[in-house]
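Since we're looking at a predicted model, the values are computed, not measured. Indexing begins at 1, ligand by ligand and atom by atom, following the structure's order.
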Amino acid sequence: MSMIRAFIALEIPPALQNIIAEHSAALQRDIPHAIRWVAAANIHLTLKFLGDTSPASLQGLIHSLSAVINQQEPFQISIGEFGLFPNPKRPRVLWIGIQAPPDLDRLYHAIETACARLGYPAEEKPFNPHLTLGRVREEADQTRLRPALQNYQIGQLGAIDVESVTLFRSDLRPQGPSYTALAHIPLAQLDS
Ligand code: ATP
Ligand code: MG
């Protein structure tokens with residue numbers, strides 16, 4: 001049975017993906033070749049990378065995730081501020097930041113714990129929520145890149161209501177990854 005490359009993420013509404021993509025288009029004009037840019041429709045907030053997952057285990061995974069995710073009430077996060085990993089002197093990843101209440105951390109840890117119980121390896125790095133805009137190519141000339149990136153600023157872009165978590169399948173292709181939503185797992189339904 002062929003394995004599914006899976007990850008868990010928050011979706012970004014298309015309107016906000018397009019605003020983000022306008023910023024990445026502005027940067028692309030300055031540094032067209034040094035970066036592998038993320039397509040607008042692929043911009044997302046990764047919560048957990050699962051990697052190879054058997055199709056047979058998906059229902060159990062969704063069930064376990066639902067049990068913890070639907071314990072938590074919806075909340076809002078804000079999107080904004082441009083940043084570079086690991087640092088501005090030697091950038092590898094270009095990203096936009098997330099400003100969130102403690103709910104996001106709680107959601108992250110609940111998902112991490114549920115996945116660990118199912119045998120997925122625990123993440124060693126601390127959770128650093130961000131939206132990846134692009135990744136610096138290995139062969140990029142860092143001395144040309146740095147000035148363009150160091151002075152670039154992006155302010156607040158908008159807010160998102162977090163009401164569900166998405167389980168994605170990723171298919172890596174030479175022209176870039178293709179993501180498919182396999183399940184939308186809702187947070188607690190608010191009484192209306
Ligand atoms: P590409 O690998 O072609 O650049 P991608 O990174 O967008 O594309 P995937 O590698 O399938 O696609 O990754 C899906 C998501 O999981 C992305 O948000 C990626 O940053 C994240 N991710 C991938 N590998 C890991 C990993 N080993 N640890 C943590 N997060 C990961
Ligand atoms: Mg990758």
*Can you pull out the closest protein heavy atom to atom 17 (C) of ligand 1? Residue, atom name and distance to 0.1 Å, please.*
H44 NE2, 3.5 Å

*Check step by step if side chain to side chain contact (heavy atoms under 4.5 Å, CB included) holds for D103 and V162.*
CA-CA 10 Å; D103 303 63; V162 178; over 6 Å; no

*asked:* Check whether Q72 reaches the backbone of L107 with its side chain - one donor and one acceptor, N or O, closer than 3.5 Å.
replied: yes

*Taking atom types as modelled, find out whether Q156 and Q99 have a side-chain donor-acceptor pair closer than 3.5 angstrom.*
yes

_Which residue and heavy atom of the protein sit nearest atom 18 (O) of ligand 1, plus the separation_ = T46 OG1, 2.4 Å

*Does ligand 1 have any atom that is closer than 4.0 Å to a heavy atom of K125?*
no

*With a cut-off of 4.0 Å, which atoms of ligand 1 are near a heavy atom of S170?*
9 (P), 11 (O), 12 (O)

*asked:* Quick test: of every protein heavy atom, which one is nearest to atom 8 (O) of ligand 1, and how far off is it to 0.1 Å?
replied: P177 CG, 3.3 Å

*asked:* A quick test of your reading: do over 12 heavy atoms of other residues, nucleotides or ligands sit less than 6.0 Å from CZ of R90?
replied: no

*First locate atom CD1 of I8, then atom CG of L45, and finally report the distance between them rounded to the nearest 0.5 Å.*
12.5 Å

*Does anything in residues 27-71 pair up under ring-ring contact (aromatic ring centres under 6.0 Å, His included), and if so which pairs, sequence neighbours excluded?*
F7-H44, H44-Y179

*With sequence neighbours excluded, tell me which residues meet ring-ring contact (aromatic ring centres under 6.0 Å, His included) with H23.*
none

*For atom 4 (O) of ligand 1, what is the nearest protein heavy atom, given as residue, atom name and distance?*
R36 NH1, 3.0 Å

*Without swapping roles, check the side chain of N42 against the backbone of P177 for a donor-acceptor pair under 3.5 Å.*
yes

*At what distance is the nearest protein heavy atom to atom 10 (O) of ligand 1, and which residue and atom is it?*
R5 NH2, 2.6 Å

*asked:* Could you identify the single nearest non-hydrogen protein atom to atom 22 (N) of ligand 1 and state the distance to 0.1 Å?
replied: F49 CD1, 3.5 Å

*Just heavy atoms, cut-off under 4.0 Å: does Y179 contact ligand 1 by side chain, backbone, both, or neither?*
side chain

*Specify the protein heavy atom at minimum distance from atom 19 (C) of ligand 1: its residue, its atom name, and the distance to 0.1 Å.*
R135 NH2, 3.9 Å

_Closest approach of any protein heavy atom to atom 2 (O) of ligand 1, naming residue and atom_ = L172 CD2, 3.9 Å

